[in-house]
Amino acid sequence: MAEKLLLIDGSSLAFRAFYSIMNLESFKNQNGLHTNALFSFHRMFESIMNKEQPSHVLVAYDAGKVTFRTAMYGDYKGGRKKTPSEFQEQMPYFPVLLDAFGVSHYKLANYEADDIIGTLARMGSEAGYEVVVVSGDKDLIQLAGENIRVEITTKGVSELATYTPEVIREKFNLTPEQIIDLKGLMGDSSDNYPGVTKVGEKTALKLLHQYGSVEELYEHIDEMKKSKLKENLINDKESAFLSKTLARIHQDAPIEITLEDTIYRGKDTQLLMDFYKEMNFQSFQTELLKQSDDIELPEEEEPVEFVWVDEVTPEMLEKATTLHVETITENYHLAEIVAVAFGNEEKVYLTSPEIATSSMWFQSWVEDEAVEKTVFDLKAITVLLARYGLRPKGVKYDISLESYLLDTNDSVKEIADIAVKHQMNFVNYDEVIYGKGAKLKVPEDKEVLGRHIAQKVKALQLLGPVILAELANFDQKDLYETMELPLADVLARMEIEGISVDKSRLEEMGLALDERLKELEQSIYEQAGEEFNVKSPKQLGVILFEKLNLPVIKKTKTGYSTAVDVLEKLAPQAPIVHDILEHRQLAKLKSTYVDGLTQFILADGKIHTRYIQTLTQTGRLSSADPNLQNIPIRTEEGRKIRYAFLPENKDSVILSSDYSQIELRVLAHISEDKHMIEAFKEGADIHSSTAMRIFGIDHAEDVTSQMRRDAKAVNFGIVYGISDYGLSQNLNISRKQAKEFIDRYLTEYSGVKQFMEDVVKQAKLDGYVETLFNRRRYLPDLHSSNFNVRSFAERTAMNSPIQGSAADILKMAMLEIDHELTTRQLKSKMLLQVHDELIFEVPQDELELMQSLVSEVMENAVSLHVPLKVDSNFGSSWYEAK
DNA sequence: AGAATCACG
DNA sequence: ACGTACGTGATTCTG
């Protein structure tokens, strides 16, 4: 096989890698080391290796700041910003990674990576090798030659642009050698050498096409006619020659390595595995495990004992305080149970759910309030064991919930995530054991499976007290013990209960939608003069903006935007746009709400969503499989979907109770703004009263509906952490006008203004914001040097305490309502939660009681400086509960 | 897998 | 001057 030498500019690529992933916070290992550059470099490197399949590889590095170039020109690479510390700290690990890859790396005092590469490229080429050079720095294209191809990263790092002498001729009409002359004339702002004043790429190219080189140019300078350019060339002659010298990459650097030394040795899987563990690179870990079969799983110092049993005895349970139910798919309403496990950090028992739950001993252990247990995700376990009629009690530590409360930023999806954060590296990620995607499966080897589960149990057991102590430290023990933990049980029962959905009703709607969609498609094709996929934004863009020549209002990263606000602006100009808008809306209804929901109706005729209690950054719940928190309501066509949501029993109705303006009331409370509190105490219409203030109206009856609408938008904006631009977009008004609205608002509600300023200031000091119930959100981006990132964090600092406190309040109300339903032995059921709204199934004979009970509890869930108000409606379907 | 779009509070 | 509203999940297309 022919020899192929791959030369990589490590310094340049590592730097590019660093900037290609700027989401610094999510790329940290267990010791707080940033890993974004290492991760991204790894990805780039692998893709290059796969593509090139070289026989020889070398990664070259700059040795340091001082080189022969700085000796020639003191300011070479001067004026550069200091390397960010987040990057600096990753630099020592690149050699470790490369050693694990089996790839040589080299740096040389006084020289840059370029010169090492230049020298080896020459040597390789002379030896008849095919040479490939990869860098993020375009200067290296001067190395292109007969056997030398240069690849430069573009668009961050995702793609490579190839440079051969032919490409350079086509692009610049120059030879690779002339690239050096080009640099000499142009200079280089990032390397900080000057070239010739006022000469950029265009002028430099013109000159080189005429004269061929810097030397030739100055030979014939006298023949040039008098011009500013000529003057500059004469004045900067010295600089031009210096710059050319600086730009030239050395091809005879005194390197001490030979081509022999660059032979690719191949991956050392064990070293790589260790590196991935250290950096917490899960996906690479799994990938590696798939490729090789000789990797040893990490050793525990004192391995946990585990045993599969087919009978549960009291002795087994005697010292057991951790309970685990293993599943490998997310949706626990449908998931198959792989095993039930119980034990402690020393010994774990594993068995099937049938064996466990049929044991009297196990039943009473699970349901014994007095046995303080540790679990991971109480809600999931509650739903899973409910299949067997068991309801866990006495759970003290839910590691999942606790981790979420401690820091919403580090997403703890599985036990390994939190174990690794506490240096318990013996726990494997599920993906490592079970695989993922199409290859997801339980290992046949009971030893492997058993050890994996046992290690999880061990970690949970050890983590329990540690994590609770951390919560206590943050004053979050109450939040956990009296709100989130009991709520897990309430939510589990809501999920298990589910809500009845009329499948045939949905199917009827689906047929009608299909018919209308066909009509619209025909009409759209006719008006477009051709058939195309209306659902493809790309194809639609071509039709609208190229074929029909409609004006481009907004662009996205990838092309024309065809979002609703754009289409609405175009609608008056072209009737086709009306049809497209309607098509969009109906297609959404059909796919997401008719077909989508239908798939989730189980044999009991109900939909069982999952509330995710540990996801949002603010403390809200989210809902998935399916999402029942975004069922249409804003348009009549969409709202009809709600006709399909029914009470389970004929004699019952759907009752819906929602907080009125809860976020603004919370804002009034937290900010203690006099005027806003006053407005709410008077029971005023808050949007009208805001309108009166910002428009200077004295009598409520003089507020026009337009004013109220504007004021409402301003109120929303305030809650979101307002900006003039955002408001102007929302109201379709000028930015100046929007700014006036905001200024008026903040003058009138000066307490709100004060709060907004204080909350950001305090957050910058503390690093986090808090809700009324001590729920925290950390905002490291408040200190970002990037304006956008920082501004976003500031708006978040204003919004999170508001949105989060509102979420806290509804959670408190849910607990109280659940308590009342239980103690009063009512037949009414709490079915759904939609952020500020609760949905119940209520038997007719409990309706009166429930209406007042629910309102009463919700309104008095907490005591604020303003009253809380609840609106209730009921009907024979969710649609009619309005 | 990511982007674009759109449903909700 | 910088470019934006806050929080979610599902579907579809596309590289």
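Proteins get letters first, then strands, A, B, ... in listed order; numbering begins at 1 in each.
- Applying a 4.0 Å cut-off to non-hydrogen atoms, the residues of residues 577-584 of chain A that approach DNA chain B are A/Arg584, listed by residue number.
- If you check every strand for non-hydrogen atoms under 4.0 Å, A/Gly596 touches sugar and phosphate atoms only.
- For A/Asn533, a side-chain nitrogen or oxygen approaches OP1 or OP2 of C/dC13 to under 4.0 Å.
- C/dT4 and B/dT5 have their P atoms separated by 14 Å, with the value rounded to a whole Å.
- Phosphate proximity of B/dC8 to A/Arg634: present, with a side-chain N or O under 4.0 Å from OP1 or OP2.
- Rounded to whole Å, the P atom of C/dC2 lies 33 Å from the corresponding atom of B/dA7.
- Stretches of at least 3 consecutive Watson-Crick or G-U wobble pairs, with each checked distance under 3.5 Å, appear in DNA chain C as B:1-9 with C:6-14.
- For the pair A/Arg795 and C/dC6, the criterion of a side-chain N or O lying under 4.0 Å from OP1 or OP2 is met.
- Using a 4.0 Å heavy-atom cutoff across all strands shown, A/Ala713 reaches at least one base atom of the nucleic acid.
- Listed nucleotides: C/dT14, C/dT4, B/dT5. Nearest to the side chain of A/Thr562: B/dT5.
- The phosphate of C/dT4 (OP1 or OP2) has no side-chain N or O of A/Arg735 nearer than 4.0 angstrom.
- Checking the phosphate oxygens (OP1, OP2) of C/dC6, no side-chain nitrogen or oxygen of A/Thr618 falls inside 4.0 Å.
- Comparing B/dA7, C/dT4, C/dT12 by their closest approach to the side chain of A/Ser591 singles out C/dT12.
- Rounded to the nearest 0.5 Å, atoms CG (A/Leu401) and CG (A/Leu487) are 8.5 Å apart.
- Cation-pi geometry between A/Arg665 and A/Tyr659 is not satisfied (NZ or CZ under 6.0 Å from the ring centre, within 45° of the ring normal).
- Contacts with DNA chain B (heavy atom under 4.0 Å) in residues 552-561 of chain A: A/Thr556, A/Lys557, A/Thr558, A/Ser561, listed by number.
- Side-chain N/O atoms of A/Ser791 include none lying less than 4.0 angstrom from OP1 or OP2 on C/dC2.
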